[in-house]
Amino acid sequence: MIAAAYLAVAGIAMQFLVGYPVTAGAVAAVFGPGVAALLVWRLPARPARVAVVATTAVALLATGVAAAIGSRLPDRLDHSGHAAHGVPGVSVADLRGPSRAPTRTFTLTARAATVSLPSGTTVDAWTFNGQVPGPELRVTKGDLVEVTLRNELPDIGVTLHWHGYDVPAGEDGVAGVTQDAVPPGGTFTYRFEAKDAGSYWYHSHEMSSAAVRKGLYGTLVVVPDALGPAETDIGLPVHRFDSGVMLFGGSDQREIRDVPEGRRVRLRLINTDNGAHRVSIGGTPYTVTAIDGRDLNGPTVLTAETTLRLPAGGRYDVGFTMPAGAVHVMVDGRESDGLLLGSGAMPAHPAGSDLDITRYGTPAPGPFDRYDKDFTLVLDRLIRFLDGVPAFAYTVNGEVYPNIPPLLVDRDDIVRITVVNRGTESHPMHLHGHHVLVLSRNGRPTTGSPLWMDTFDVLPGEVWQVAFRADNPGIWLDHCHNLPHAKQGMVLHVAYRGVASPFAVGRRTANHPE
Ligand code: C2O
Ligand code: CU
């Protein structure tokens, strides 16, 4: 009975301590005390029994203390790079956008402001240019975009990360990896070529779990060419503040817009929150024309019965022709707010089910016929030390940032990653600098349009297989976009061999990317 009781307790302990892959240390911590107890029971001499108890206690304590110390961030943790024979070293600081004259320039000034929302509610926010969301940056394919960031926040650093837009590494805006956080009073200028049309967003990547939620975000739209007069194109970030106040676009209550019948409408749904949101569209048939800034092949017509489950960080573009009656864009089943286009009776929102994006649209031959690198990432939740403090942390292969080994790639590698979620929460995994092609979910290959994503939501128990071409040298973050999960460990790097960073995170730096 004692043995059974011990095994039961050990089973529970394993749940919280032992991840995948299994490590000797974790197994010893769980089963060591059992072996010790057995020895104490069987050993005749009292001194021997005392010795076993003492050794076990000291070993457990030493393991714990060593793990705690080992988890403490050093003063400076840099990315001195993964040199390779024959590969000349390059610094991310030199991997910058083109230096020719910009065709579009913007200035975003980070500052604290009390913002009053359309309902009259006020929020104390961190803003770009005094507004939440920050100004929409709308450019045309082919533009050379220059954005000057100024920081007027008190005491808080800031950066601009172009979420989903695959910029050169030195423009990626990750504090401590691609630049130093811009201190109060400082500036930084970002430059990149708008070569990929689509819907993206920007946000600070310094203390991102606090900064994004408090308002340091906005929409980035690259249109393929100037809009004709018969088109309406609306960016609609879904955001949630700490207080629970929700913003859809710029409004915290139902927004009504007049759109004439017959006009082409494109809605750019963007989830800037930490969890998924469901959007449904009543009053018109529509198609999902793009996901994460990449057009879908042959999308079919959907109706109000379909819900679009937008993962944290993800974007869906929706297109339709404005009908005679009203169209209502509903978020999370609330008819009282959302966006009402046109006039007439409120359209019906019949209950329905989520669109399965892995089966939507028309297939096309895949671009990859080999894989040069294969990685597996097992996501879990385990007791680990985070910077010296024990926490029920979010782990990848049993480790937390910064101890998760980087995925080391060479330029032009075709990289396949299998992501397994062993936990009970979903993890919207976001890779910087690249779009990944979804190969399969739960072992079932995708049967719809090729699906290129920068943020894919791995639900509890799911296994996703994705692949990308390593065509953008740098040191890139790969992390859960439920940003509190990232802050609690779920961050790693995809590092190109031969690329180093002069920037660092750590206690003696001002950089705290999450
Ligand atoms: Cu939207 Cu690493 O970020
Ligand atoms: Cu997560």
Side-chain angles (χ1 to χ4, degrees), residues 19 92 133-134 158-167 169 171-179 181 190 199-220 237-239 270-276 292-293 310-315 377-382 384 386 391-397 400-401 404 419-436 453-462 464 472 474-494 505 511-514:
V92 285
V158 66
T159 67
L160 285 174
H161 167 59
W162 311 101
H163 181 115
Y165 200 84
D166 301 329
V167 293
E171 309 287 349
D172 198 42
V174 180
V177 181
T178 69
Q179 67 174 100
Y190 299 88
S199 305
Y200 310 94
W201 60 296
Y202 62 85
H203 62 80
S204 180
H205 222 307
E206 162 69 4
M207 300 196 330
S208 60
S209 60
V212 177
R213 179 150 273 196
K214 283 188 80 82
L216 290 174
Y217 74 95
T219 302
L220 167 67
V238 181
H239 190 72
I270 302 171
N271 186 350
T272 67
D273 192 9
N274 289 315
D292 284 3
L310 276 177
R315 288 92 59 213
L377 302 177
V378 178
L379 314 178
D380 208 342
R381 201 166 181 199
L382 297 166
R384 288 294 180 269
L386 283 174
F392 193 26
Y394 292 90
T395 58
V396 179
N397 296 347
V400 290
Y401 179 80
I404 305 166
V419 186
V420 181
N421 184 352
R422 285 185 92 216
T424 56
E425 292 159 89
S426 72
H427 298 298
M429 295 305 286
H430 172 51
L431 174 61
H432 287 211
H434 306 77
H435 275 68
V436 300
M453 305 181 84
D454 54 71
T455 317
F456 56 96
D457 210 358
V458 187
L459 302 189
E462 283 190 343
W464 286 61
N472 195 6
I475 298 177
W476 301 101
L477 251 56
D478 185 6
H479 64 94
C480 179
H481 220 281
N482 186 331
L483 297 173
H485 293 187
K487 189 177 166 64
Q488 292 173 74
M490 203 169 262
V491 179
L492 68 151
H493 293 145
V494 169
V505 297
N511 299 321
H512 317 89
E514 304 311 327

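In listed order, ligands and their atoms are each counted from 1.
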I'd like to know whether Val396 forms a side-chain contact (heavy atoms from CB on, under 4.5 Å) with Leu379, so could you lay out the CA-CA distance, the side-chain angles of the two residues, the decisive distance to 0.1 Å, and finally the verdict. CA-CA 5 Å; Val396 179; Leu379 314 178; 3.9 Å; yes

Tell me, please, if [X] has any N/O/S atom, main chain or side chain, under 2.8 Å from atom 1 (Cu) of ligand 1?
| X | value |
| --- | --- |
| His161 | no |
| His163 | yes |
| His430 | no |

Quick check: does any side chain N or O of Ser209 sit under 3.5 Å from a backbone N or O of Glu514, one acting as donor and the other as acceptor?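 Side chain of Ser209 to backbone of Glu514, a donor-acceptor pair under 3.5 Å: yes, one is there.
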
Can you confirm if the aromatic rings of His239 and His203 lie within a centre distance of less than 6.0 Å?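 Between His239 and His203, which both carry aromatic rings, the centre distance is not below 6.0 Å.
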
Using distance alone, with no hydrogens and no angle criterion, decide if His163 and Thr455 have a side-chain donor and acceptor under 3.5 Å apart.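 Result is yes, a qualifying pair exists.
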
Any donor-acceptor pair under 3.5 Å linking the side-chain atoms of Asn472 with those of His434?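 Not at all, the side chains of His434 and Asn472 share no donor-acceptor pair under 3.5 Å.
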
Can you list, by chain and residue number, the protein N, O or S atoms under 2.8 Å from the Cu ion (ligand 2)?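 You should have found His427 ND1, Cys480 SG, His485 ND1.
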
Mark yes when over 12 heavy atoms from residues, nucleotides or ligands other than Lys214 sit less than 6.0 Å from its NZ; otherwise mark no.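 For Lys214, atom NZ is crowded (more than 12 foreign heavy atoms under 6.0 Å).
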
His481/His479 under ring-ring contact (aromatic ring centres under 6.0 Å, His included): CA gap, chis, key distance, verdict: CA-CA 6 Å; His481 220 281; His479 64 94; 5.4 Å; yes

Within less than 2.8 Å of atom 2 (Cu) of ligand 1, any N, O or S from His432?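 Yes - counting backbone and side chain alike, His432 has an N, O or S atom under 2.8 Å.
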
Side chain to side chain contact (heavy atoms under 4.5 Å, CB included) with Pro513: which of Val491, Val174, Thr159, Thr178?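 Testing each of Val491, Val174, Thr159, Thr178 against Pro513, the sole residue satisfying side chain to side chain contact (heavy atoms under 4.5 Å, CB included) is Val174.
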
His479 atom (N/O/S) at minimal separation from atom 2 (Cu) of ligand 1: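 Looking at His479, the N, O or S atom with the least distance to atom 2 (Cu) of ligand 1 is NE2.
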
NE2 (His203) - atom 1 (Cu) of ligand 1 - NE2 (His481) angle, nearest 10°: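 About 110° at atom 1 (Cu) of ligand 1.
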
Measuring from Tyr217:OH to Asp273:CG, what's the distance to the nearest 0.5 Å?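 Atom-to-atom, Tyr217:OH and Asp273:CG are 9.5 Å apart.
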
